[in-house]
Amino acid sequence: MTQGTGPAGAQKSMRIAALGAGAVGGFYGARLARAGHHVSFVARGRNLEAIRTSGMSVRSELGDFVVYPDAEADPAAIGTVELAIVAVKTYSNAEALPLLRPLVGPGTLVLTLQNGVESAADVAAVVGEDHVLAGATYIGVSLEAPGQVRHVGTARRIVFGEAFGAPRATERAGRIAEVLRAADIDAEAVADSRAALWEKLVFLAPLAALTAASRLPIGPLRAGPGFREAVMRAMREVEAVARAEGVALAADVCEQKLAYMEASPPSMRSSLMMDLVAGRPTEVEALVGGVVRRARGHGVPTPAMQTLHAVLGVHAAGRAAPSGEQG
């Protein structure tokens, strides 16, 4: 099928596969296709058919556009690629990650953008550690309909690096960063991917949990009483777990992330909240449960995060809210 019409500049067109054609995978895959790369989506169901018939569309303050990438249910029909982007929700890992195998050849890099700090190990169990780059993305996107992504705000940042071995900057990570930047993605290759993952988790785990527990976007939460104190307390707990794991975070990481929340659009909703409201499976175990489990292993007290996990953990598999019950 016809790819995007935008040139890739002086760079050679790269063969790229996006495992997951939802909001995150759809947005980044579409931008890379628009930049002239040969992008193939691994998708299924209505999303697969929508991409095949109408393309992948993006609505954004940065400009609306449509691209017409390849889309396949069977990754074997795509074959090996140079870069595979993992953007499925973590609760789908058991069935989704094995789909990476036909995409990965000797020189393939696999960049995981999944939430939490455990994704790289899950991906490596399928393709091997040598192939894996671990990244965190900062973006507000949702899938409005099959093949239709809505981008809220202008953030489109990816911070990533080598997933295994001693922290180090590598040429291959820098090369992927250049490819992403040429597609108008704010990408940074860093020496320590663990710090990048934990820095995101410091704010995302509390924010996702609080928006999900309240069923509200960030705007009304910010305007409510005690939000800043509550979110800062929870962020401090996540920070303490990261430091117990030996991760070098900035001394003012919580203050930085609070400022990020303050600057976020008031309509911003976490995907955890949206999945919970819709009765879908949620990433509560990757975000909140992972923090609580690791905290217990290190003997770090996390009362705020434990409470949020107790409230939200029952929704991990997705279940409809009960109706007709009175308090």
Side-chain angles (χ1 to χ4, degrees), residues 1-4 6 8 13-58 60 65-90 92-93 95-105 108-115 119-120 122-123 126-127 131-137 139 141-151 156-158 160 176-177 179-185 187 271:
M1 298 181 70
T2 305
Q3 293 284 318
S13 177
M14 179 177 281
R15 285 184 55 80
I16 299 171
L19 180 61
V24 173
F27 178 85
Y28 288 126
R31 294 208 77 87
L32 287 161
R34 190 187 191 200
H37 297 287
H38 188 100
V39 176
S40 300
F41 284 100
V42 181
R44 61 185 179 181
R46 294 176 59 203
N47 226 17
L48 174 64
E49 293 308 313
I51 297 168
R52 283 177 167 175
T53 58
S54 305
M56 176 68 78
S57 66
V58 175
S60 170
F65 65 94
V66 182
V67 294
Y68 300 91
D70 293 331
E72 300 287 349
D74 182 1
I78 299 171
T80 59
V81 296
E82 295 164 83
L83 173 65
I85 298 173
V86 179
V88 295
K89 295 291 183 71
T90 54
S92 298
N93 278 0
E95 59 179 319
L97 294 187
L99 298 176
L100 287 168
R101 292 191 181 104
L103 303 173
V104 177
T108 303
L109 295 177
V110 181
L111 172 60
T112 172
L113 299 180
Q114 292 184 305
N115 287 325
S119 173
D122 292 343
V123 173
V126 176
V127 303
H131 292 280
V132 185
L133 301 173
T137 182
I139 189 169
V141 283
S142 61
L143 196 66
E144 292 190 314
Q148 299 178 24
V149 174
R150 173 62 170 156
H151 178 214
R156 57 205 185 280
R157 181 165 173 73
I158 298 176
F160 70 100
I176 297 302
V179 168
L180 295 170
R181 286 194 292 266
D184 194 28
I185 296 166
S271 61

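In this text the structure is predicted, and so the values were computed from the model without any measurement.
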Would the distance check show the side chain of Arg31 and the main-chain N or O of Ala183 forming a donor-acceptor pair, the cut-off being under 3.5 Å?
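Such a contact is found between Arg31 side chain and Ala183 backbone.
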Closest approach of [X] and [Y], non-hydrogen atoms and distance?
X      : Y      : value
Pro146 : Ala50  : O-CB, 3.4 Å
Ala187 : Phe160 : CB-CE2, 4.5 Å
Ala71  : Ile51  : CB-CG2, 3.7 Å
His38  : Ser13  : N-OG, 3.6 Å
Val24  : Ala87  : CG1-CB, 4.2 Å
Pro102 : Pro98  : CD-O, 4.1 Å

Given side chain to side chain contact (heavy atoms under 4.5 Å, CB included), test Leu97 with Val86 step by step and report yes or no.
CA-CA 8 Å; Leu97 294 187; Val86 179; 3.9 Å; yes
So do [Y] and [X] actually touch side chain to side chain, heavy atoms under 4.5 Å?
X      : Y      : answer
Phe41  : Asn47  : no
Arg52  : Glu72  : yes
Val126 : Val110 : no
Arg156 : Ser60  : no
Leu83  : Val179 : no
Val81  : Ile16  : no
Thr80  : Arg15  : no
Ile78  : Asp70  : no

Which of these, Thr112, Leu111, Ile85, sits in a side-chain contact (heavy atoms from CB on, under 4.5 Å) with Leu133?
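Result: among Thr112, Leu111, Ile85, Leu111 is the only option passing the side-chain contact (heavy atoms from CB on, under 4.5 Å) with Leu133.
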Between [atom1] of [X] and [atom2] of [Y], what distance do you get to the nearest 0.5 Å?
X      : Y      : atom1 : atom2 : result
Tyr28  : Ile158 : OH    : CD1   : 4.0 Å
Gln148 : Ser142 : CD    : OG    : 10.5 Å
His37  : Leu180 : NE2   : CG    : 8.0 Å
Leu32  : Ile185 : CG    : CD1   : 4.5 Å
Met14  : Glu82  : CE    : CD    : 5.0 Å
Leu113 : Leu19  : CG    : CG    : 11.0 Å

Apply the test side chain to side chain contact (heavy atoms under 4.5 Å, CB included) to residues His131 and Val123: give CA-CA distance (whole Å), side-chain angles for both, the deciding distance (0.1 Å), then the verdict.
CA-CA 9 Å; His131 292 280; Val123 173; over 6 Å; no
Show, in sequence, the C-alpha distance, side-chain angles and deciding distance for Val149 and Leu143, and conclude whether the side chain to side chain contact (heavy atoms under 4.5 Å, CB included) test is met.
CA-CA 5 Å; Val149 174; Leu143 196 66; 4.0 Å; yes
Where do Gln114 and Asn93 land on the side chain to side chain contact (heavy atoms under 4.5 Å, CB included) test, with the steps shown first?
CA-CA 10 Å; Gln114 292 184 305; Asn93 278 0; 2.6 Å; yes
Can you confirm whether more than 12 heavy atoms, excluding those of Arg44, are under 6.0 Å from its CZ atom?
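Check fails, neighbour count at 12 or below.
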